[in-house]
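Worth knowing before you read on, the calculation uses all heavy atoms, side chains too, and leaves out hydrogens, waters and symmetry mates. Residues: numbered from 1 along the sequence shown.
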Amino acid sequence: GRWSLVPRTDVDQTRRMYRTAERLLQRHGIVTRGALAAERVPGSFSAVYPVMKAMEEAGRIRRGYFVDGLGGMQFALPGAVDRMRGYVDLVESERRTHVVAATDPANPYGAALAWPEREGGHKAGRKAGAVVVLVDGHLVIYVERGGRTLLSYTEDTALLQPAVDALALAAREGILGALHVEKADGEAIQDTIFGEALVGAGFRATSRGLRLRA
């Protein structure tokens, strides 16, 4: 058969931005300027802002200062705001842990939030294959691609242990595959606070580090 290139159809700019705004709201729940920068939306925040403003005036979404430190220009779905309020009353025994890809929109670090400062060694980034572990929204562990190196962002065992437990569970369920950790924060894993936490989560010692099979 014969093939021919179909002429590109010009799409109304407002409609295109409306669909973009809906997609961003569904993906993030609360949309900030930093989140749009990470999404690489053409025209960035200024292009989507008029559409979101119109949606807010129509009562479809809310505009406000929902997340401290992310600027005053924030738009959110009503349900997302209600869920954010539900986190306020969480007690320590109800910590929520999440293991997500570093590039996932659910990870705010490197996008809406800057990566926390840490001294020397490797730097975290939104890289393919890397994983982050969040506890109550705080970055606790960064797993570099391949799972051999970890970076920590706390020495508080009350945060570290649940993060390690979540990491181990993700590996057991086949989400991450087998993990063979050799280093943490530039040191041999056995010589770090991570070592005890990983062993407590079920990791086993090997000649090169600590391993957990899926």
- Message: Under the criterion side-chain contact (heavy atoms from CB on, under 4.5 Å), I'd like the reasoning laid out for V100 against V131: C-alpha separation, chi angles, the key distance, then a yes or no.
- Response: CA-CA 6 Å; V100 298; V131 172; over 6 Å; no

- May I have the step-by-step check of side-chain contact (heavy atoms from CB on, under 4.5 Å) for E144 and L151, ending in yes or no? CA-CA 8 Å; E144 296 195 330; L151 303 179; 4.2 Å; yes

- Verify side-chain contact (heavy atoms from CB on, under 4.5 Å) between H98 and R96, making sure each step is shown before the conclusion. CA-CA 7 Å; H98 300 279; R96 296 183 181 233; 4.2 Å; yes

- Item | side-chain contact (heavy atoms from CB on, under 4.5 Å) evaluation trace for Y153 with V140 | CA-CA 5 Å; Y153 290 86; V140 178; 5.8 Å; no

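Every residue two or more places apart in sequence or in another chain was checked for a salt bridge (Lys or Arg N to Asp or Glu O under 4.0 Å) with R145, and none qualifies.
Note that OG1 of T192 and CG of L160 are 8.5 Å apart. Values are rounded to the nearest 0.5 Å. How far CD of Q190 is from CZ of R208: 11.5 Å, rounded to the nearest 0.5 Å. Taking CZ from F75 and NE2 from H28, the interatomic distance works out to 14.5 Å, rounded to the nearest 0.5 Å. Rounding to the nearest 0.5 Å places CG of L150 at 8.0 Å from CG of L179. The distance from the CG atom of L169 to the CZ atom of R172 is 7.0 Å, given to the nearest 0.5 Å. Atom CD of E56 and atom CZ of R62 lie 10.5 Å apart (nearest 0.5 Å).
Minimum heavy-atom separation, I189 to A184: CD1-CB, 3.6 Å. Summarising the geometry of A166 relative to T97, their closest heavy-atom pair is CB-OG1, 3.5 Å, with the distance given to 0.1 Å. The two residues I141 and A163 have their closest heavy-atom pair at CD1-CB, 3.8 Å. Nearest heavy-atom pair, Y109 versus P116, reported as atom, atom and distance to 0.1 Å: CD2-CD, 3.8 Å. Closest heavy-atom contact between A106 and L134: O-CD1, 4.1 Å. Nearest heavy atom pair, residue A171 against residue L176, reads CA-CB, 4.2 Å.
For the residue pair H138/T154, the side-chain donor-acceptor check at 3.5 Å is not satisfied.
Using a distance-only test at 3.5 Å, with no hydrogens or angles considered, a donor-acceptor pair links the side chain of R126 to the main chain of D104. Judged purely by atom type and a 3.5 angstrom limit, Q74 uses its side chain to pair as donor or acceptor with the backbone of F66. Checking side-chain atoms of N107 against main-chain N and O of A102 turns up a donor-acceptor pair under 3.5 Å. Although no hydrogens or angles enter the test, the distance criterion places a donor-acceptor pair under 3.5 Å between the side chain of R204 and the main chain of G202.
Counting only heavy atoms from C-beta outward, the side chains of M52 and V31 approach each other to under 4.5 Å. A 4.5 Å side-chain heavy-atom check between L212 and F203 finds at least one atom pair inside the cut-off. Here the side chains of L113 and L139 are not in contact, with every heavy-atom distance at 4.5 Å or above. The shortest side-chain heavy-atom distance between R63 and K53 falls under the 4.5 Å cut-off. Taking the side chain as every heavy atom from C-beta outward, T157 and I193 approach each other to under 4.5 Å. Inter-residue side-chain proximity for M55 and L25 is flagged as met; some heavy-atom pair is nearer than 4.5 Å.
By the criterion of side-chain heavy atoms lying less than 4.5 angstrom apart, applied directly or through intervening Ile, Leu, Val, Met, Phe, Trp or Tyr residues, I175 is grouped together with V99 in one hydrophobic cluster.
Other residues, nucleotides and ligands contribute more than 12 heavy atoms inside 6.0 Å of the CD atom of E57.
Between W115 and Y142, the ring center distance clears the sub-6.0 Å criterion.
Each of R211, H180, E182 was evaluated against T206; a single residue qualifies, H180, per the side chain to side chain donor-acceptor pair (under 3.5 Å) test.
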